[in-house]
Number of protein chains: 4
Amino acid sequence: MPGRTRRPESASRQGNSGNPAHEPERTQARQSILDAAQVLFALQGFDATSTKSVAQEAGVPAGLVFYYFTSKQKLLEDLVRERSFLPELEQILRSAPEADPKQALLDLGRRFFAVVTRREAIARILVRESASHPQVAARWHEMRESAIAVIAEYLDGTVARGCLRAVKTERLARVFLYNLIFVALIDEAQDPEAFLADMVSALLEGALPR
Amino acid sequence: MPGRTRRPESASRQGNSGNPAHEPERTQARQSILDAAQVLFALQGFDATSTKSVAQEAGVPAGLVFYYFTSKQKLLEDLVRERSFLPELEQILRSAPEADPKQALLDLGRRFFAVVTRREAIARILVRESASHPQVAARWHEMRESAIAVIAEYLDGTVARGCLRAVKTERLARVFLYNLIFVALIDEAQDPEAFLADMVSALLEGALPR
Amino acid sequence: MPGRTRRPESASRQGNSGNPAHEPERTQARQSILDAAQVLFALQGFDATSTKSVAQEAGVPAGLVFYYFTSKQKLLEDLVRERSFLPELEQILRSAPEADPKQALLDLGRRFFAVVTRREAIARILVRESASHPQVAARWHEMRESAIAVIAEYLDGTVARGCLRAVKTERLARVFLYNLIFVALIDEAQDPEAFLADMVSALLEGALPR
Amino acid sequence: MPGRTRRPESASRQGNSGNPAHEPERTQARQSILDAAQVLFALQGFDATSTKSVAQEAGVPAGLVFYYFTSKQKLLEDLVRERSFLPELEQILRSAPEADPKQALLDLGRRFFAVVTRREAIARILVRESASHPQVAARWHEMRESAIAVIAEYLDGTVARGCLRAVKTERLARVFLYNLIFVALIDEAQDPEAFLADMVSALLEGALPR
DNA sequence: TATGAATGAGCTTTCATTCAT
DNA sequence: AATGAATGAAAGCTCATTCAT
């Protein structure tokens, strides 16, 4: 299981090249540790993952974990800080088409699923460790609220254009996102696409007879 | 903090009388251990709670935990099995009034919040430990699906009476419940009552212009 | 080096028999750990002695050290508390003969050397670890002051009987004890008996011409 | 707290000019390390002080400690060798006035206290680490014996001048010094000046009735 | 000459679990 | 049926030391 060659999504995500290589964030070994921690914390949980197993999975000596991160706790915090997918999420939600609301919401939902799928490990860590780690909870909260703000902003525009009634857009965005999160990370039995379609219909059309 | 006399909600919940009193399930000490585990697992998480601290909080000798539950793992499983609030939840959701849909959904939501608040510890354990413990995940899943079934059943009646359009009631119930769970157990910053009102409006009236 | 059978000075020192054997202080294993700690701390110092080596030298499993003493620090504190030789020292200093002052002081000195030699390990620990451990420093201080008080008390009697000039007896006792301690525990190159004789002469007769 | 610019008493103490400036002993960084080690070893003890913290306190890169001293052990040995205050002590004890014995001893005592106070850190290291480090013990022993020799030499002169009885001057000097050391470095509760006065009186006048 | 990243052995401590009584 | 003393594996973390540059 410990693989020396696999490194999922770290190197590619860094776009800022050109700075001196001795910036700690750029060390190969450090990234390997973050990669390993990401996988193992998501899979087994923070408490059930030993720092030794992280080092092993990363293919580095055990002492290096503490050399780079000081403590296991800080490893987690640095992980959720540096591997946050909030920028990615905001960017992808912002580029929503100005199409009709239904298509737009479906599109937003699919983009959300895409990001969460790509960054599933870190997303699961956020959900799971929030209960024990205030710092993680803060990130998790920030991420939700930011996403809701972006979605609400889009809805505001739609309302302004007369395509939507003057509903409480923040609340609508919240309900929308809660359901996306639930399906993506908590209730895994649901088919995301089908659920998304039905949810969007429900939210747009309402259940009351017209 | 460890109290010898406090035993919140255990004894009263057992309705099965008639069986021999020396059945282990009915032992006072056993119940104390479950009570303590419930509180500590919810507060600190399963991994971060030692069996010793459970025994201490329960006011029983340390060996008794393993006498009654064989292993820490089994203590958790027995806990979520015996302290399930599914019956309570089903009963309270079933007694929904036949009033108009809006009032009914608001009522259902409030009842749900009431049950979850009363059984908060066990609810948090279900959410938190699902990721690591398939047995817990199964209970957690069963609980959601059962509640959704009850709510959908009610909605079916409403549709039959012509008070609601012929929507996919199971999906509507699911969206409804997901949001309740999210607000009750995950996003604690939200005011449940206000959120509930807006969510119900959204689901019933739809966002599209009429 | 680890000996299973050697247990220097513990069992013999306990005179209070008759109490239930499950008093922790009386456990054989616990005493073995204290014995081992006493030897190793004296020999290598507290910091340089691992709890594992203490357990090994005591012939008990490593976990037992923490079962009985909670922490390495507490092991040291319990050690200097339970193995204090203050009572022994006070008793032996009190039984000073009423003979002439010179013989009495020589006698006191020899008794002191005898006690310190018999309890050398713990005495060295007191001296050595005082710098880092306030609790040990407190014991060490208490021991000195108590011994000084006993000696001064004797000198007071001698002064009252006219055998000594009305000197500051507490100071004289202090000077006397400081030298004894120095020779017994710090400057090991000195021959105690010869040093004692000369010191007593000096203190009694004075260096000034008469 | 770690100061880059503070360097208490090192540079000034080196009187040996004329040798090539690139002798390691004269490096600024090397002296900073010795300064830091002196402070930290005295404060926390050798074992409890990490080489990293020494480098940090000295404001030099961690690797430099081993570059200059090879090992932590050797750092200690070089420290007590190079920072010995024996020359200082001998010089100051030698310049004793030829006044009457009482004044002379009081003066010697005060000078001793002055030197030890000024070089307190190194003095504490000598006392504390002697038990574990033979090399340190040797220095500590040498220092005592040298001081005793100087004092005894003075006393010999006094005896020759008829100001003192023909006592064993080496022994008298030893008792005198032991007490000074004890008060200066071990029993910190004592007021040095008052203790000194009483001790000198005791040693000169004797306790026996005249 | 000087540096700081890297290493791994070893430390203290915790804890689920066992078992004699 | 019930207990708590006992165990040892494993955890997080520290640190003297090395070495490529």
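Labels below follow one simple rule: chain letters A, B, ... track the order of the sequence lines, proteins then strands, and each chain is numbered from 1. Values below: all heavy atoms of this structure, side chains included; hydrogens, waters and symmetry mates excluded.
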Separation of [X] atom [atom1] from [N] atom [atom2], in whole Å?
| X | N | atom1 | atom2 | answer |
| --- | --- | --- | --- | --- |
| C:Gln56 | F:dT7 | CD | P | 15 Å |
| A:Lys74 | F:dT14 | NZ | P | 13 Å |
| B:Tyr68 | F:dG4 | OH | C1' | 16 Å |
| C:Leu64 | E:dT14 | CG | C1' | 14 Å |
| D:Phe69 | F:dT18 | CZ | P | 16 Å |
| A:Ile33 | E:dA5 | CD1 | P | 13 Å |
| D:Asp47 | E:dG10 | CG | P | 16 Å |
| C:Gln31 | F:dA5 | CD | P | 16 Å |

Of the nucleotides [options], which one has an atom closest to the side chain of [X]?
| X | options | value |
| --- | --- | --- |
| C:Thr27 | E:dA16, F:dC13, F:dA6 | F:dA6 |
| C:Ser71 | F:dT7, F:dC13, E:dT13 | E:dT13 |
| C:Pro61 | F:dT17, F:dT7, E:dA6 | F:dT7 |

Note to self: Could you identify the nucleotide paired to F:dA1, looking across every strand shown and requiring Watson-Crick or G-U wobble geometry with both distances under 3.5 Å?
What the structure shows: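 Paired with F:dA1, as far as the under-3.5 Å criterion goes, is no nucleotide at all.
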Checklist line | F:dA16 - base-pair partner by Watson-Crick or wobble geometry, distances under 3.5 Å | finding: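 By the stated definition (distances under 3.5 Å), E:dT7 pairs with F:dA16.
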Side-chain N,O ([X]) to OP1/OP2 ([N]) below 4.0 Å:
| X | N | result |
| --- | --- | --- |
| D:Lys52 | F:dC15 | no |
| B:Thr51 | E:dC15 | no |
| C:Tyr67 | F:dG8 | no |

Note to self: Quick check on side chain to side chain donor-acceptor pair (under 3.5 Å): which of B:Lys74, B:Arg81, B:Gln73 does B:Glu77 satisfy it with?
What the structure shows: B:Gln73
Checklist line | Along DNA chain E (nearest heavy atom to each residue), the more 5'-positioned of A:Gly63 and D:Gly63 | finding: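 That would be D:Gly63.
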Next item on the list: Take C:Gln73 and D:Ala62, find for each the nucleotide of DNA chain E with the closest heavy atom, and name the residue whose nucleotide sits nearer the 5' end.
Entry: D:Ala62
Answer with base, sugar-phosphate or nothing: what part of the nucleic acid does [X] contact at a heavy-atom distance below 4.0 Å?
| X | result |
| --- | --- |
| C:Ser50 | sugar-phosphate |
| B:Ser53 | nothing |
| B:Thr70 | nothing |

Margin query: Just verifying a value: how many Å separate A:Leu34 CG and A:Phe69 CZ, rounded to the nearest 0.5 Å?
Written below: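 It is 3.5 Å, given to the nearest 0.5 Å.
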Checklist line | Euclidean distance, D:Arg139 CZ relative to D:Leu126 CG, rounded to 0.5 Å | finding: 9.0 Å
Checklist line | Pairing of C:Asp78 and C:Arg30 as salt bridge, 4.0 angstrom limit | finding: yes
Notebook entry, point to check: Under 3.5 Å, side chain of B:Glu129 to main-chain N/O of B:Gly45, donor-acceptor pair present?
Noted result: no
Next item on the list: Ignoring hydrogens and angles, state whether a donor on the side chain of D:Gln31 or D:Arg83 is under 3.5 Å from an acceptor on the partner side chain.
Entry: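 Yes, a side-chain donor-acceptor pair sits under 3.5 Å.
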